[in-house]
Each structure stands twice: as C-alpha cells, then as structure tokens.
K.L.:
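This is the structure I want to talk about, given as structure tokens.
These figures come from a predicted structure and were not determined experimentally.
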Amino acid sequence: MLKEYKSIKEVVGPLMLVENVSGVTYNELVEIEQANGERRRGKVLEVNGDRALVQLFEGSQGLKISTAKAKFLGKSLELNVSTDMLGRVFSGMGEVIDDGPAIIPEKRMDINGQPMNPYSRDYPNEFIQTGISAIDGLNTLVRGQKLPVFSASGLPHAQLAAQIARQAKVLGGDSKFAVVFAAMGITFEEADFFISDFKKTGAIERTVLFMNLANDPAIERISTPRMALTAAEYLAFEKDMQVLVIMTDFTNYAEALRETSAARKEVPGRRGYPGYLYTDLATIYERAGRIKGKKGSITQIPILTMPEDDKTHPIPDLTGYITEGQIILSRELYKKGFNPPIDVLPSLSRLKDKGIGKGKTREDHANTMNQLFACYARGKEAKELASILGESALTEIDRLYAEFAAEFEKQYIAQGFETNRTIEETLDLGWKLLKILPRSELKRIKDEYLDKYYGD
C-alpha cells in the first residue's frame with residue numbers, strides 16, 4: 001500500500017521538505033497531487049529520521065503545499081524500453097515528444113542502471129569507423145570505449161556530433177548498429193538542427209534521441225544521460241546491438257548539478273561544483289563497455305565545452321581521468337576554416353593500439369599513424385620557425401616538413417562535415433601526404449610497408 005502524506009512543510013526552489021514519513025528510501029520516486037488534481041513528480045534526495053527532502057522535476061512554481069499530498073511510490077525513476085524506441089524523440093524524462101504514438105514497453109528499467117562487474121567486462125578491441133580521418137587514422141575509436149570530445153564555446157561540436165552519429169559503423173560481420181543521442185541544456189535551434197539532420201540523412205531510423213532544452217528544469221538535465229544510457233543498455237545487452245552513445249553538452253549537465261547542490265546548501269568544491277562531481281560523472285561514463293558472453297556493446301562519446309578554453313577546468317579535468325583519452329577541437333584551426341577542427345597532437349585515444357592492425361584496419365596503420373604524428377609535429381615547429389626567422393632561415397628538409405604540415409591540415413584534417421572516408425581512404429591519404437617527404441625521413445615505418453605503399 002502506497003503511503004500518502006499531507007505533511008509538506010516547506011518548498012525552496014526545486015526542493016520540498018516532507019515530515020513524519022516512514023519507510024522512505026533514497027532516490028525513491030514521489031508524486032505530489034494538488035487539490036485541483038494536478039500532479040508533479042520528484043525524487044527523494046535525503047532522508048533524515050522522519051523527514052524526507054524531495055527534489056521536484058517540474059519545479060515548484062504555483063504549488064500550494066497546504067492542500068497538496070505527497071505519495072511515495074516505492075521505486076526509483078524508470079524508463080519504458082522497447083526496440084520501437086529507434087527513430088523516436090524523447091524528452092529528458094523519457095516522454096515521447098515527436099507527436100508519434102506512445103511506446104508500448106517490453107519492460108521498465110531503473111535509469112540508474114546496474115553496476116557492471118569488472119570481472120565480467122570484456123576488453124575493447126574492435127575498430128569503429130567514424131568516417132573522420134583525424135579520429136579513424138590517428139585517434140582511433142574502439143568498440144566499448146569512452147572517448148570524450150573537448151570543445152569550446154563557438155566551435156562546431158554539434159556538427160561533429162551529428163557527423164559521427166550519421167557515419168559511425170562497426171566494420172565486418174552483420175552486427176546491428178544503433179545510436180543513442182542525448183542533448184542536455186541545448187537551445188531549440190540546436191535541437192532542431194539535430195532532429196532535421198538525422199531525418200534528412202535517414203540516420204534517425206537507427207537513432208534514439210533524448211532532448212533536454214535550455215528552458216527545461218535543471219533536474220531533468222541530470223536524468224537525461226541516465227535515460228539515454230538505460231535505453232543503450234537495453235539495446236546492447238538485451239537486443240545484441242552495437243550502440244554508440246553521443247552526449248552533449250556535459251558542461252550544461254555539471255552546471256545543473258552545481259545548481260541543485262547549491263539549492264541543497266551543500267559545501268561546494270572546486271569552482272563551486274559539488275565535491276562528488278567526479279563520482280557522479282563516473283556513474284555515467286562507467287556504463288560504457290562490453291560484457292563477456294554478450295554480443296552487444298556500449299561506446300560513449302561525451303561532448304563538453306571547456307569554460308574559457310581551459311583544459312584544467314574541473315569538468316574536462318575529471319572527465320579526462322575517468323575516460324580513455326580525448327578529442328580536442330582547436331580554435332586556431334577553426335579560424336583557418338578547417339572543419340572538423342580536430343587538434344590531433346594533444347588529442348589521444350588510449351585504446352587506439354587495440355583496435356588497429358591486420359584484420360581490423362590494415363597492417364600499415366600503426367606505423368603510418370606514428371609517422372604522421374611525428375612529421376606533423378616537426379612540420380608545425382618548422383612553420384613556427386619560419387614565422388619568426390623567415391622562410392630563408394629554413395633548411396631544404398625543414399621546408400618540406402612545413403609543406404607537409406600545411407597539406408596535412410588542408411587535406412587530412414579539413415575534410416568537411418559531409419565527407420565520409422573509409423579507413424582505406426584515410427590510410428591511402430596518409431601515404432599520399434608522406435610522399436611529400438623523402439623515404440629516408442620515414443624512420444618509423446617498416447621497410448616492407450614502405451616498399452608496398454611508398455614505392456621507389
């Protein structure tokens with residue numbers, strides 16, 4: 001029997017205090033019914049003796065506590081899941097918002113998920129092709145990995161997210177591929193861009209979208225990534241699909257977390273964010289991976305905008321600790337008109353070595369990747385030297401490296417948001433650029449690959 005209480009004591013912002021309660025648990029779902037029949041939902045944030053602190057999902061505006069009743073539902077927030085979710089658009093609370101029919105659920109799942117037993121985890125080692133050379137060739141994404149994109153205000157991370165969602169696929173086999181896309185705190189224009197882009201390209205047929213707009217309640221923003229990952233876990237581990245989860249923008253998520261923490265009068269940590277920001281982010285990021293004995297997998301690409309372009313800001317800093325690398329977007333490349341403006345040198349995929357090579361991409365991949373990194377780094381140094389001392393101060397070989405760096409940015413990195421390159425096209429383009437330099441400079445590539453791909 002569900003218990004109802006008329007002992008709502010006070011409401012401050014999105015928080016509500018209910019007294020004289022018993023048997024109430026943390027994270028339990030609450031329904032608040034007003035005298036006129038209007039219902040709102042919330043969840044239990046804290047229980048202290050016979051007092052429960054409830055966080056309202058829809059806010060407290062217009063709530064009359066003297067006549068309202070609080071009903072504790074004995075369960076946490078759940079999502080109705082079904083394969084019919086593919087091609088549909090949901091709110092951050094998991095409600096259908098695309099004017100289509102309601103989902104008939106195959107089951108209901110707790111959005112907080114089940115912790116993945118470390119012993120049952122399978123090692124990520126299969127290549128995912130995004131069609132973007134700067135990622136596939138140099139910072140390879142592997143099935144089951146979590147690889148964040150560090151962007152900055154004004155950079156085209158939305159276009160990059162849409163491109164990855166459209167183009168990503170697992171090579172070989174007949175495995176079913178799906179994308180779960182979660183947008184947190186974005187504008188209506190951005191939401192419209194994603195939905196129309198997916199519909200125009202047909203990518204929506206394999207995509208589940210969760211949209212939380214900037215004017216939606218902050219508490220909804222906190223549930224959005226968990227809703228998305230619950231849908232992903234169902235598709236991956238119960239329907240054997242390879243699921244790519246793209247979540248943007250985690251800076252908005254962390255701001256919502258800071259807002260609700262301040263409302264609870266918690267002691268703030270770095271820059272006002274709650275001290276448990278690391279733990280909270282880990283509960284989201286660690287839901288990626290593969291499980292032994294299961295065919296499906298969850299690969300994550302969280303996207304965040306670094307406040308003031310600062311890599312040491314708590315959000316990118318903590319994200320970097322939890323995840324396996326980062327893709328960094330460059331304002332300098334964007335100003336030059338190069339898209340996607342991926343800065344390959346500070347970017348890193350810690351699992352790239354596991355997903356490349358013979359039988360996965362191509363046997364020359366690891367060698368050419370290392371050589372391209374080395375040549376681009378030296379070419380950038382040569383360009384900087386030329387800008388200080390003039391081109392006449394460069395040696396002949398330095399001029400070739402400077403030319404290589406310029407062509408690498410123009411051809412390899414700046415492929416545009418509509419170009420979808422296969423891994424063979426990316427590797428062949430790398431060889432074409434390496435031919436700018438004499439063979440004697442390519443010391444990181446085995447002779448057998450030089451004979452095969454470089455020629456005389």
Side-chain angles (χ1 to χ4, degrees), residues 124-151 156-157 159-173 175 177 179 203 242 244-246 288 297 299-303 323-330 333 338-376 407-434 444-445 449 453:
N125 63 2
E126 288 172 89
F127 171 67
I128 289 181
Q129 181 177 288
T130 65
I132 300 164
S133 293
I135 297 176
D136 293 349
L138 301 175
N139 295 290
T140 313
L141 179 65
V142 180
R143 190 160 72 89
Q145 185 178 5
K146 39 197 182 291
L147 184 63
V149 173
F150 288 3
S151 182
H157 47 269
Q159 287 90 328
L160 179 64
Q163 185 178 16
I164 294 170
R166 280 197 315 269
Q167 298 179 178
K169 62 178 180 179
V170 176
L171 297 183
S175 53
F177 195 85
V179 175
Q242 314 308 327
L244 176 64
V245 182
I246 301 173
S297 65
T299 308
Q300 276 187 26
I301 300 185
I303 297 172
T323 54
E324 291 120 10
Q326 67 277 331
I327 302 293
I328 296 180
L329 301 192
S330 158
L333 288 172
F338 295 158
N339 283 318
I342 295 172
D343 195 349
V344 297
L345 293 180
S347 295
L348 167 70
S349 169
R350 293 193 182 99
L351 299 180
K352 64 188 173 193
D353 296 337
K354 306 291 181 279
I356 62 175
K358 195 170 183 180
K360 293 177 181 175
T361 53
R362 206 166 73 185
E363 75 275 10
D364 59 311
H365 192 158
N367 279 196
T368 53
M369 175 178 70
N370 294 336
Q371 191 65 65
L372 286 167
F373 269 126
C375 293
Y376 181 50
E407 289 303 314
F408 180 80
E409 288 176 354
K410 247 184 255 173
Q411 295 184 47
Y412 198 93
I413 294 173
Q415 68 178 72
F417 292 119
E418 301 302 323
T419 306
N420 185 1
R421 290 181 185 152
T422 65
I423 186 60
E424 287 79 15
E425 288 172 334
T426 290
L427 293 170
D428 291 344
L429 178 58
W431 278 107
K432 179 187 163 192
L433 292 166
L434 289 172
R444 294 170 187 267
I445 302 178
Y449 302 147
Y453 297 103

K.L.:
For Lys432 and Gln411, test the side chains for any donor-to-acceptor distance below 3.5 angstrom and give the result as yes or no.
P.N.:
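Short answer, yes.
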
K.L.:
Minimum heavy-atom separation for Thr140 to Ser349, with atom names?
P.N.:
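For Thr140 versus Ser349, the nearest heavy atoms are O-OG, 2.6 Å.
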
K.L.:
Nearest 0.5 Å please: distance from the CD atom of Gln129 over to the OG1 atom of Thr361.
P.N.:
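Between Gln129 CD and Thr361 OG1, I get 10.0 Å after rounding to 0.5 Å.
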
K.L.:
Taking all non-hydrogen atoms of both residues, which atom of Ile246 and which atom of Ala161 are closest, and how far apart?
P.N.:
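Nearest pair, atom of Ile246 first, then Ala161: CD1-O, 3.7 Å.
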
K.L.:
Grab the two heavy atoms, one from Leu329 and one from Leu160, that are nearest each other, plus how far apart they are.
P.N.:
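Answer, listing the atom of Leu329 first, then Leu160: CD2-CD2, 3.9 Å.
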
K.L.:
Using the side chain to side chain contact (heavy atoms under 4.5 Å, CB included) rule, take Thr368 and Tyr453 through it: C-alpha gap first, then chi angles, then the decisive distance, then the call.
P.N.:
CA-CA 10 Å; Thr368 53; Tyr453 297 103; over 6 Å; no

K.L.:
Under 3.5 Å, is there a donor-acceptor pair between the side chain of Lys360 and the main chain of Lys354?
P.N.:
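Side chain of Lys360 to backbone of Lys354, a donor-acceptor pair under 3.5 Å: yes, one is there.
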
K.L.:
To the nearest 0.5 Å, tell me how far Asn339 CG sits from Gln415 CD.
P.N.:
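Here the rounded value is 10.5 Å.
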
K.L.:
Using 0.5 Å steps for rounding, measure from the CG atom of Leu429 to the CD atom of Glu407.
P.N.:
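Rounded to the nearest 0.5 Å, the CG-CD separation comes to 10.0 Å.
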
K.L.:
Could you tell me whether Asp428 and Arg421 make a salt bridge, using a distance below 4.0 angstrom between a side-chain N and a carboxylate O?
P.N.:
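No, no charged N to carboxylate O under 4.0 Å.
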
K.L.:
Flag yes if more than 12 heavy atoms outside Arg444 fall under 6.0 Å of its CZ atom; otherwise flag no.
P.N.:
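At most 12 heavy atoms, drawn from other residues, nucleotides or ligands, come within 6.0 Å of this atom.
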
K.L.:
What closest approach, in Å, do Ile132 and Gln167 show between heavy atoms, and which atom pair accounts for it?
P.N.:
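Reported closest heavy-atom pair: CG1-NE2, 4.1 Å.
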
K.L.:
Has Thr299 got a side-chain atom pairing as donor or acceptor with Gly144's backbone, closer than 3.5 angstrom?
P.N.:
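Judged by distance alone, yes, a pair lies under 3.5 Å.
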
K.L.:
I'd like to check the side chain to side chain donor-acceptor pair (under 3.5 Å) partners of Glu126; sequence neighbours left out, ordered by chain and number.
P.N.:
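Only Arg143, Arg290 meet the side chain to side chain donor-acceptor pair (under 3.5 Å) criterion with Glu126.
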
K.L.:
For Ser133 and Thr426, which heavy atoms make the closest approach, and how far apart are they?
P.N.:
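In this case the closest contact between Ser133 and Thr426 is OG-OG1, 2.9 Å.
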
K.L.:
So which heavy atom on Ile128 is nearest to which on Asp136, and how close?
P.N.:
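Shortest heavy-atom contact: O-OD1, 3.8 Å.
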
K.L.:
Could you walk me through whether Ile445 and Leu434 pass the side chain to side chain contact (heavy atoms under 4.5 Å, CB included) test, one step at a time?
P.N.:
CA-CA 11 Å; Ile445 302 178; Leu434 289 172; 3.9 Å; yes

K.L.:
How long is the straight-line distance from CD1 of Ile342 back to CG of Leu138, given to the nearest 0.5 Å?
P.N.:
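So the gap between those two atoms works out to 9.5 Å.
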
K.L.:
Could you tell me the separation between the CD1 atom of Ile356 and the CG atom of Leu351, rounded to the nearest 0.5 Å?
P.N.:
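The CD1 atom of Ile356 sits 11.5 Å away from the CG atom of Leu351.
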
K.L.:
To the nearest 0.5 Å, how far apart are CD1 in Ile423 and CG in Leu171?
P.N.:
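CG of Leu171 is found 8.0 Å from CD1 of Ile423.
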
K.L.:
State, with a plain yes or no, whether a side-chain heavy atom of Pro156 is found less than 4.5 Å away from one of Pro341.
P.N.:
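Of all side-chain heavy-atom pairs linking Pro341 with Pro156, at least one is under 4.5 Å.
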
K.L.:
Is a side-chain N or O of Gln326 found less than 3.5 angstrom from the main chain of Pro346, in a donor-acceptor match?
P.N.:
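Yes, Gln326 side chain to Pro346 backbone: donor-acceptor pair under 3.5 Å.
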
K.L.:
Checking Leu372 against Val344 for the side chain to side chain contact (heavy atoms under 4.5 Å, CB included) test, could you report, in this order, the C-alpha distance in whole Å, the side-chain angles of both residues, the deciding distance, and whether it holds?
P.N.:
CA-CA 10 Å; Leu372 286 167; Val344 297; over 6 Å; no

K.L.:
Among all residues two or more places apart in sequence or in another chain, which pass the side-chain contact (heavy atoms from CB on, under 4.5 Å) test with Glu418?
P.N.:
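Once residues adjacent in sequence are excluded, the partners of Glu418 under the side-chain contact (heavy atoms from CB on, under 4.5 Å) criterion are Arg166.
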
K.L.:
Could you tell me whether the side chain of Thr323 and the main chain of Leu147 form a donor-acceptor pair under 3.5 Å?
P.N.:
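Not at all, since once roles are kept as given, no pair shorter than 3.5 Å links the two residues.
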
K.L.:
For Gln163 and Gly416, indicate whether the former's side chain and the latter's backbone hold a donor-acceptor pair under 3.5 Å.
P.N.:
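Flag set: sc Gln163 to bb Gly416 pair under 3.5 Å.
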
